[in-house]
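As C-alpha cells, the structure follows; a few thoughts come after it.
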Amino acid sequence: MCLIVLPVAACGTSPAAEHHDAGLRVGAIPDQDPQKLQRMYDVVSDYLEADLGTPVEYVPVRDYAAAVAQFERGDLDLVFFGGLTGVQARARVPGAVVVAQRDVDERFRSVFVANTAAGLPPLGGVADLARLKGHSFTFGSDTSTSGRLMPQFFLDEAGVGLDAFTGEPGYSGSHDATIKLVESGAYQVGALSASVWDKRVAEGGVDTSRVAEVFRTPPYHDYHWLARPDLDRRLGAGFTDRVRAALLACDGGDDREKQVLELFAAGGFTAARAEDYAQIEAVAGRLGLLR
C-alpha cells in the first residue's frame, strides 16, 4: 500500500536508491571521445541486458577521478577501469571483484621513444634503460597507466630515478602530446602506450625521421572490468558470476557480439584476477596514488 499511495521517499527509500535498485549501472573512464564511448557502452549494455535479463544503463562520467568516486559511492556497479583507476577503486572499495579483461589487456606494453638527434640506439632490455640517464624526459598524463605508471616501474627496475634525467621530467598530458614533444625536440625521450604509438605510425601521423621507438617494455595487464562487492546482494545470488560468464561468452558468434568486440578493439574477453595488477599497485603505492 505504501508503495502505491505515497512517494517512494516517504517509505524510507530515496528516489536515487530506487532507481539504482532497478538494474545494473555500467561506467568507464573517459579515455576516448564521449560520443564513441556512448556508442560502445550502449552496445555492450544491450548485450548484457539481453544475456542477464536485467536492465542495464551506461552512465557517463566527467573524468577518471569521478569514475572511481561514483564506483565508491555505489552510483556505478560495473566499470571498465584502466589499470591504475581499477587499483585505486579496489583500494577504496574493499571486496570489489575483478571480473574480466580484454584479451589485449593481458599483454599491454609501453614504448620509449627518442628524438633521433639524441643519438640513442635501440635498447636491448630493461637494464638498458639506464642509458636514458642524462637526457630530458617526459611521461604522458601523470595518472596514465601506460604513459606514466608502468614506464616508471621499468625505469625503477633499471635503477633510473627521476633525478637521473636532465631537468624535471615532464607530464605531457596525453600519449599524442608525448609524441609531438619528442618529435619537436622539446624533450629528448618520452614514454607512451605502445598501441597508440603503433596506430599513429600506421596512420602516417609521426615523422619517423625525427622520433623513433628505442624500447618496448615487457607486457603487463591494464584495463579490466571491476564489480562492486554488493552486486549479488542487490541483484541476486551469483549475479557477479553471471556478468563474468556473459562477458567471457562474447566471442563474436553473432553480429551483436562482433560489434561489441570491434568497438572494444578486442578478440574477446578473458578472466582476470586482482593479482594481475600487482605491479601497478606497487608503483602506485610508492607514488602515493592509492589514497
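Looking at Asp103 and Thr270, their side chains never bring a donor and an acceptor atom within 3.5 Å of each other.
Closest approach of Ala271 and Leu248 over heavy atoms only: N-CD2, 3.5 Å. Of all heavy-atom pairs spanning Thr240 and Ala227, the tightest one is CG2-CB, 4.2 Å. Closest heavy-atom contact between Ala249 and Glu257: O-OE1, 3.7 Å. When all heavy atoms are compared, the tightest approach of Ala246 to Tyr47 is O-OH, 2.6 Å. Taking each heavy atom of Ser209 and Thr116 in turn, the nearest pair found is O-OG1, 2.9 Å. Shown here for Pro60 and Gln38, the closest heavy-atom pair between the two residues is CG-OE1, 3.7 Å.
Not a single ring pair (Phe, Tyr, Trp, His ring centres under 6.0 Å) links Tyr220 to another residue, sequence neighbours left out. Not counting sequence neighbours, the partners of Val43 by the side chain to side chain contact (heavy atoms under 4.5 Å, CB included) test are Gln259, Val260, Leu263. The side-chain hydrogen bond (donor to acceptor under 3.5 Å, both in side chains) search around Thr138 returns none, not counting sequence neighbours. Take Ser141 and apply the side chain to side chain contact (heavy atoms under 4.5 Å, CB included) test, not counting sequence neighbours, and it matches Thr143, Ser144.
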Q: Evaluate side chain to side chain contact (heavy atoms under 4.5 Å, CB included) for Arg286 paired with Gln152, printing each intermediate quantity in order.
A: CA-CA 11 Å; Arg286 286 202 298 274; Gln152 182 149 355; over 6 Å; no
Q: In sequence, state the C-alpha distance, the side-chain angles, and the governing distance for Val97 and Leu231, and then conclude on side chain to side chain contact (heavy atoms under 4.5 Å, CB included).
A: CA-CA 10 Å; Val97 181; Leu231 205 54; over 6 Å; no
**Q.** Leu76 and Val61: CA distance, side-chain angles, deciding distance, side chain to side chain contact (heavy atoms under 4.5 Å, CB included) verdict
**A.** CA-CA 10 Å; Leu76 294 171; Val61 299; 4.0 Å; yes
(Q) Let's go through Val113 and Val206 carefully: what are the C-alpha distance in whole Å and the side-chain angles of both, what is the deciding distance for side chain to side chain contact (heavy atoms under 4.5 Å, CB included) to 0.1 Å, and is it a yes or a no? (A) CA-CA 11 Å; Val113 298; Val206 178; over 6 Å; no
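A donor-acceptor pair under 3.5 Å is absent between the side-chain atoms of Glu57 and the main chain of Arg25, judged by distance alone.
The side-chain heavy atoms of Val196 and Thr178, taken from C-beta on, include no pair separated by under 4.5 Å. Looking at heavy atoms from C-beta onward, Leu48 lies in side-chain contact with Leu247 at the 4.5 angstrom threshold. Residues Ser195 and Phe108 are in side-chain contact: their nearest non-hydrogen atoms beyond the backbone lie under 4.5 Å apart. The closest side-chain heavy-atom distance from Tyr64 to Pro30 is below 4.5 Å. The side-chain heavy atoms of His175 and Ser146, taken from C-beta on, include a pair separated by under 4.5 Å. Between Asp276 and Gln101 there is a side-chain heavy-atom pair separated by less than 4.5 Å. Two residues are said to be in side-chain contact when any heavy atoms from C-beta on lie closer than 4.5 Å; His224 and Val99 fail this criterion. Inter-residue side-chain proximity for Val56 and Leu78 is flagged as unmet; no heavy-atom pair is nearer than 4.5 Å.
Leu123 is not connected to Leu192 by any chain of hydrophobic side-chain contacts under 4.5 Å among Ile, Leu, Val, Met, Phe, Trp and Tyr, and they are in different clusters. Cluster membership check: Phe165 shares its hydrophobic cluster with Phe215, using side-chain heavy-atom separations under 4.5 Å among Ile, Leu, Val, Met, Phe, Trp and Tyr. The same ILVMFWY cluster, assembled from side-chain heavy atoms under 4.5 Å apart, contains both Val59 and Val79. By the criterion of side-chain heavy atoms lying less than 4.5 angstrom apart, applied directly or through intervening Ile, Leu, Val, Met, Phe, Trp or Tyr residues, Leu37 is not grouped with Val104; the two fall into different hydrophobic clusters. Transitive grouping of hydrophobic side chains (ILVMFWY, heavy atoms separated by less than 4.5 Å) brings Phe154 and Leu132 into a common cluster.
Distance check: Leu287 CG to Leu149 CG gives 6.5 Å after rounding to the nearest 0.5 Å. Note: Tyr41 OH to Tyr58 OH = 7.0 Å, rounded to the nearest 0.5 Å. Between the OG1 atom of Thr54 and the CD atom of Glu49 there is a distance of 8.0 Å, given to the nearest 0.5 Å. Within the model, atoms CG of Asn115 and CG of Leu120 stand 9.5 Å from one another, a figure rounded to the nearest 0.5 Å. Rounding to the nearest 0.5 Å gives a distance of 9.0 Å between CG of Asp75 and CZ of Arg228. Separating the CG atom in Leu235 from the CG atom in Leu52 is a distance of 9.0 Å, to the nearest 0.5 Å.
Using a 4.0 Å cut-off between charged nitrogen and carboxylate oxygen, Arg256 and Asp254 do not count as a salt-bridge pair. Contact check on Arg216 versus Asp198 returns a salt bridge, with a Lys/Arg side-chain nitrogen under 4.0 Å from an Asp/Glu carboxylate oxygen.
Within a 6.0 Å radius of CD in Glu168, other residues, nucleotides and ligands contribute 12 heavy atoms or fewer. Counting non-hydrogen atoms of neighbouring residues, nucleotides and ligands closer than 6.0 angstrom, the CD atom of Gln35 reaches no more than 12 such neighbours. Under a cut-off of 6.0 angstrom, the local environment of CZ in Arg39 is sparse, with at most 12 non-hydrogen atoms contributed by other residues, nucleotides or ligands.
Geometrically, Arg148 engages Phe139 in a cation-pi contact, judged by NZ or CZ lying under 6.0 Å from the ring centre and within 45° of the ring axis.
Of the candidates Leu129, Val126, Thr217, Glu157 forms a side chain to side chain contact (heavy atoms under 4.5 Å, CB included) with just one, namely Val126.
The salt bridge (Lys or Arg N to Asp or Glu O under 4.0 Å) analysis of residues 105-132, with sequence neighbours excluded, yields the pairs Arg102-Asp105. Screening residues 68-96 for ring-ring contact (aromatic ring centres under 6.0 Å, His included) gives Phe71-Phe81, Phe80-Tyr223, Phe80-Trp225, Phe80-Phe264 as the qualifying pairs, with residues at least two apart or on separate chains.
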